[in-house]
Amino acid sequence: MLLTGAPAQEIQRRRTFAIISHPDAGKTTLTEKLLYHGGVIHETGEVKGKSGTKAVTSDWMELERQKGISITSSVMTFDYQKLRVNLLDTPGHKDFSEDPYRVLMAVESACMLIDVAKGVEERTKKLYDVCRYRSIPIFTFINKLDREGKAPLDLIDEVETTLKMSCYPVTWPIGIGQRFRGIYNRMSKEIILYDQRRDGDEVTVIPVNGYRDEKWKSLVSEEIYEQTCEELDLIEGVLPPFDPEKFLKGEISPVTFGSAKQNFGVDIFLRFFCQFAPGPQPRNTQSQVPVDPLDSNFTGFVFKIQANMDRRHRDRIAFIRICSGRFERGMKVKHSRHNKEIRLSYSNQFIANEKATVDEAYAGDIVGVADTGNFAIGDSVASDKLVRFEDIPKFAPELFSRMSVTDAMKRRKMQEALVHLSEEGAIQLFIDPLVGMQDPIIGVVGELQFEVLVHRMQDEYNLDVKLNRLPFSVARWPRSQEGKAVSELKGSFQVYRDLIDQPVILLNQEWDLNWAKKENPEVEFATSISRAR
Ligand code: G4P
């Protein structure tokens, strides 16, 4: 049955997105300004924490605070115009981790943030690939226009050639760096002039009859006027009008320019976002029958688990993306993997620095529910008819270690902690079937994950541990052509098991992988594996 009336309207006004960027492009700053425009924070600087201002909203963990980096992801919610916007934060450290990839499984669109001086950077590209894989629409915000950078036409060309994505400039900068004077909004036909000495909110808006309208000519230098007009001549001459259909299919990215730090252009991006960002979409299931967000059956999946967000309560929170229906605090749901009923209690939403209890939430929202160990990444829940959503892919780790604990009496506790943390998705565990959990191998995709692991073992489990690095750098899951797990391989390859009992091989280098392929031509060696839920 489909919901109608007020609950249906609630679902239709949800917009859930994430910002993808390379570290230092200005994600924290842009997030802060978005929350400011959403009325959640009243002074800028409330979210930013790097340079001694107030703590970053997503800085839950001590290590993050020490390092001044954002390791974990969080969810921020605000209302803008008539919409309820959920902004999912993605970790910002240069180190590679799986967390942002999972976040992108829970959103309907993304904003690609690009530093005007640096262009498309490595991390942005990786995250962008995940968005492309899901075909989600991508907005582009080119940031730091108040600093010297690449010429806007070159940047557009860079995005188009590097990412193979067509761009549609919604706004166009008037000058750049020292000479940055504002933007031309091609959609609304407005010149928006900005004064570096004032807050970005205090702008002069001049409605024009096209950019060659001389109304604004005397307000900037002749050189800037001419250059802007010449650039716009080139764009207007070749670009077809904005095609929302192509955008929704992920084929074209609308581009806005601005300066997050100066709070300039952020409101224009936000308004454009609200006009075109898609609301909750039908989500595919393993049985290939998509679930309509308006379906009255409450459904959702766990895309993130985080322990000890609140140090006073030593809690563990499972973040559920609601895919359909309405959530009520304390409701009973069916759990896909355990095939049992559980109660979703202590639900939270995260609004700026505050964690607020939610009594109800709708498709498109994220709720954090208290978890006593029931959940693992990728689990589905439903109030009525059980569904299993498409899996969240797991990525092949590239760094491997074994762990030892100083106090040998605490070995068992260490093993339990490792299982917890791997269920949470913080690490991956590989087990030799002969010795089981006695001596598991830990795999991660980035160095920082090891640092966080050691820190958390100490901090959360009171275990003093050491990591002994192993020479492996490649993990592959052997599969038959039909996609079935293969446990026996020709050649002398030790086959380990992962936490969901799938066979996996760990190799020192690509050369070994080529050897394995040569010896076993009928086997495919998968780099990622879906979690069977
Ligand atoms: P991140 O989360 O993507 O890693 O980036 P973050 O917002 O922390 O910004 C990285 C640096 O870039 C910060 O400088 C920030 O102030 C600066 N920045 C962000 N947006 C703009 C912009 O539009 N213009 C200019 N000029 N700078 C911008 P910082 O020196 O690390 O910190 P702070 O001392 O400025 O706070």
Side-chain angles (χ1 to χ4, degrees), residues 17-37 41 43-60 64-65 67-76 87-97 99-100 103 110-128 139-150 152 155 171 173-183 192 194-201 203 255-270 352 446 448:
F17 83 114
I19 300 172
I20 58 172
S21 66
H22 196 80
D24 272 347
K27 183 165 56 65
T28 315
T29 315
L30 179 64
T31 302
E32 177 194 71
K33 296 304 186 307
L34 289 169
L35 293 178
Y36 171 74
H37 286 286
I41 57 171
E43 57 173 292
T44 50
E46 277 182 50
V47 178
K48 188 80 173 65
K50 270 190 194 169
S51 331
T53 48
K54 288 189 195 174
V56 178
T57 307
S58 49
D59 271 359
W60 307 110
E64 263 181 274
R65 251 173 251 131
K67 293 203 160 196
I69 52 174
S70 171
I71 300 167
T72 54
S73 316
S74 59
V75 186
M76 284 155 280
L87 169 55
L88 275 60
D89 188 21
T90 47
H93 194 265
K94 73 173 180 340
D95 205 10
F96 182 80
S97 101
D99 224 21
V103 167
C111 170
M112 176 166 69
L113 182 66
I114 293 178
D115 182 325
V116 72
K118 302 208 173 127
V120 180
E121 295 175 88
E122 182 215 331
R123 175 68 178 277
T124 317
K125 194 170 174 313
K126 280 189 173 164
L127 292 165
Y128 170 86
F139 299 87
T140 301
F141 186 91
I142 298 186
N143 192 28
K144 305 196 185 179
L145 264 284
D146 58 316
R147 278 203 194 156
E148 302 306 327
K150 300 187 184 185
L155 261 178
T171 62
I174 300 170
I176 185 170
Q178 291 271 324
R179 302 181 316 138
F180 179 48
R181 293 291 171 274
I183 50 178
I192 299 148
Y194 135 93
D195 184 340
Q196 301 220 9
R197 290 160 304 184
R198 293 192 294 178
D199 184 82
D201 273 348
V203 292
V255 182
T256 52
F257 292 82
S259 163
K261 189 169 182 177
Q262 308 290 338
N263 188 21
F264 182 80
V266 177
D267 54 342
I268 296 171
F269 160 72
L270 194 52
L448 185 71

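When a ligand or atom number is given, it counts from 1 through the structure's own listing order. Quick caveat: nothing in here was measured; it's all calculated off a predicted structure.
Taking any N or O of S21, backbone or side chain, none lies under 3.5 Å from an N or O belonging to ligand 1. For a threshold of 3.5 Å applied to N or O pairs, the pair formed by A260 and ligand 1 contains at least one separation below that value. Polar contact with ligand 1: absent for Q262 (N/O pair, distance under 3.5 Å). Considering backbone and side-chain N/O atoms, L30 never comes within less than 3.5 Å of an N/O atom of ligand 1.
With a heavy-atom cut-off of 4.0 Å, N143 touches ligand 1 through its side chain alone. Of the heavy atoms in S259, both backbone and side-chain atoms come closer than 4.0 Å to ligand 1. Of the heavy atoms in D146, only side-chain atoms (C-beta onward) come closer than 4.0 Å to ligand 1.
Between the side chain of T124 and the backbone N or O of V120 there is no donor-acceptor pair closer than 3.5 Å. A donor-acceptor pair under 3.5 Å is formed between the side chain of N143 and the backbone N or O of A260. When atom types are taken as modelled, the side chain of E148 and the backbone of Q178 share a donor-acceptor pair closer than 3.5 angstrom.
Each of the atoms 1 (P), 2 (O), 7 (O), 8 (O) of ligand 1 lies under 4.0 Å from some heavy atom of T28. Using a 4.0 Å cut-off to heavy atoms of D24, the atoms of ligand 1 that qualify are 1 (P), 3 (O), 4 (O), 5 (O), 10 (C), 12 (O).
The existence of a salt bridge linking E122 and K126 is confirmed by a sub-4.0 Å separation between a basic side-chain nitrogen and an acidic carboxylate oxygen.
Contact check for I268 versus I192: side-chain heavy atoms found under the 4.5 Å cut-off.
Residue F264 is tested with F269, F257, Y194 for a ring pair (Phe, Tyr, Trp, His ring centres under 6.0 Å); the sole match is Y194. Residue I142 is tested with T256, L155, T171 for a side chain to side chain contact (heavy atoms under 4.5 Å, CB included); the sole match is L155.
Of the candidates R123, R147, K27, the one placing a heavy atom closest to atom 3 (O) of ligand 1 is K27.
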